[in-house]
2 protein chains.
Amino acid sequence: MTSPPDPDPDPDPDPTHATGLLIYEVLRLHGRLIAAGDALMAGLGLSSARWQVLGTVAASAAPLTVSDVARILGQSRQSVQRLVNEMERDGLLEAAANPAHRRATLVRLTAAGRDLHAAAEARRLPWTEGLAAGLGGADAAQAARTLAALRRLLERAEPPAGG
Amino acid sequence: MTSPPDPDPDPDPDPTHATGLLIYEVLRLHGRLIAAGDALMAGLGLSSARWQVLGTVAASAAPLTVSDVARILGQSRQSVQRLVNEMERDGLLEAAANPAHRRATLVRLTAAGRDLHAAAEARRLPWTEGLAAGLGGADAAQAARTLAALRRLLERAEPPAGG
DNA sequence: TCTCCATTGACAATATGTTGTCATTCTCGC
DNA sequence: GCGAGAATGACAACATATTGTCAATGGAGA
């Protein structure tokens, strides 16, 4: 059996090549993070998808609409809407009137939602600590800044015209 | 309407916090990359999911099985299997006998698959170039190394025990 | 050889995410 | 006020990904 080839972290200073490699690494990492998050939160009945929504609402100082959450997570409005609807049915989130927009209600945590988020944080933190020990804080912070810069480039860019 | 809060690239040297931020950025970036890839390859009839499979098979020096591709991409065997089956029906990939394992056939590109991959690269490269110009090659390379390190940590780690 | 067991491909069920469409609501310019 | 256009929530169809299960295959050790 062939073993999965691990493309060398190329010392090539070609910025395009490096950026292509970075993008490929984000794609490769994503599935593993989802799987790890699902496993980590399994006992809480919290999928990675729901955890992302819960965490985003919990972390935001200002109250958010469904569309806000979708923009933050980089997902479609409709995907997040379905998750939020389910989580409202499950009593984790509730809608609050939005004085600025009657139709676009604000999403906020219920007491149960806050409890679940606290439990999730209690699991996430030591897990993250273990990963941080293997990464180093400086590299992690630097990489996070670079990814944020890439994200902003994608947000500003016109949807690529495909030709 | 509230605008999506952009968490400051925190100067806090706490490694756990930095790693948590990095993970969150990977999640936020992923959706935007998928959307950009879909848009970029739309005219070729190539979704981001298929593009990832095509690119992985094309880039590998050694022939790969379906399970190999799944491991490289960090996705489940079954997801990749379905994509490969569809792409075989579409004439982009073909199965080749695996001398080491009769059941686990090797996946390789057909001529049509090679052509499509070349066309995809012709679109990907200038797009990546534009992003690289906004990132800087050194930062991109450094971030790619950090993400690869994080990926290896997740691959080595036992599936987190969820408690 | 034979048994155990991990790996693999196939299939089904389900969860998650995108795209398209529509009516409603808001914003902006006049 | 008023009309045009953008933003929003609802709904449907489809694409993608995970999980669970099963039989077939190959590898390692008795």
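Convention: sequence-line order gives letters A, B, ...; per-chain numbering from 1.
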* To do: Round to a whole Å and report the spacing from NE2 of A/His30 to C1' of D/dA17.
  => 10 Å
* Please state how far atom CD in B/Gln52 lies from atom P in D/dT16, giving the value in whole angstrom units. => 11 Å
* Sub-4.0 Å heavy-atom contacts from residues 78-90 of chain A onto DNA chain C, ordered by number -> A/Gln78, A/Ser79, A/Arg82, A/Leu83
* State, yes or no, whether a side-chain contact exists between A/Trp127 and B/Thr16 at a heavy-atom distance under 4.5 Å. => no
* To do: Not counting sequence neighbours, which residues clear side chain to side chain donor-acceptor pair (under 3.5 Å) with B/Ser76? List them please.
  => B/Ser79
* Structure fact -> Sorted by chain and residue number, the side chain to side chain donor-acceptor pair (under 3.5 Å) partners of A/Glu88 (sequence neighbours excluded) come out as none
* What's the CH2-C1' distance between A/Trp51 and C/dA15, to the nearest Å? -> 18 Å
* **Short side-chain N/O contact from B/Ser67 to OP1 or OP2 of C/dT8, under 4.0 Å** => yes
* **Base of D/dT8 paired with side chain of A/Arg103 (donor-acceptor, under 3.5 Å)** => yes
* Measure the distance from CD on A/Gln75 to P on D/dT16 and round it to the nearest whole Å. => 16 Å
* Side chain of B/Arg102 (C-beta onward), nearest among D/dG9, D/dT18, D/dG26 -> D/dG26
* Evaluate the side-chain proximity of B/Asp68 to B/Thr65: yes if any heavy-atom separation is below 4.5 Å, no if none is. => yes
* Structure fact -> B/Leu73 CG to D/dT18 C1', in whole Å, measures 15 Å
* Asked: To the nearest Å, how far apart are B/Arg77 CZ and C/dC11 P?
  -> 13 Å
* Find out whether A/Tyr24 and B/Leu73 are in side-chain contact, i.e. whether some heavy atom of one side chain is under 4.5 Å from a heavy atom of the other. => yes
* Can you check the A/Leu29 CG to D/dA17 P distance for me, whole Å? -> 15 Å
* Structure fact -> Testing D/dT19, C/dT21, C/dT18 for proximity to the side chain of B/Ser76, the answer is D/dT19
* Asked: Which heavy atom of B/Ala18 sits nearest a heavy atom of A/Ala141, and at what distance?
  -> CB-N, 3.8 Å
* Asked: What's the shortest heavy-atom distance between B/Leu109 and B/Ala58, and which atoms?
  -> CD1-CB, 3.7 Å
Name each donor-acceptor pair under 3.5 Å that joins a side chain in residues 37-45 of chain A to protein atoms two or more places apart or in another chain, with its distance.
from: A/Asp38; atom 1: OD1; to: A/Ser48; atom 2: N; distance (Å): 2.6
from: A/Asp38; atom 1: OD1; to: A/Ser48; atom 2: OG; distance (Å): 3.0

* **Earlier contact from the 5' end, DNA chain C, for B/Val66 and B/Ile34** => B/Val66
* **Set of side chain to side chain donor-acceptor pair (under 3.5 Å) partners for B/Glu129, sequence neighbours left out** => none
* Structure fact -> When rounded to the nearest 0.5 Å, the distance separating CZ of B/Arg152 from CG of A/Leu135 is 10.5 Å
* Mind grabbing the angle between the end helix axes of the helix from C/dT1-D/dA30 to C/dC30-D/dG1? Five pairs an end, 10° rounding. => 50°
* To do: Establish, with yes or no, whether the OP1 or OP2 oxygen of C/dT16 is under 4.0 angstrom from a side-chain nitrogen or oxygen of A/Ser47.
  => yes
* To do: Specify the separation, in whole Å, of atom NE2 of A/His101 and atom C1' of D/dA10.
  => 14 Å
* At under 4.0 Å, does any side-chain N or O of B/Arg71 touch on OP1 or OP2 of C/dT7? -> no
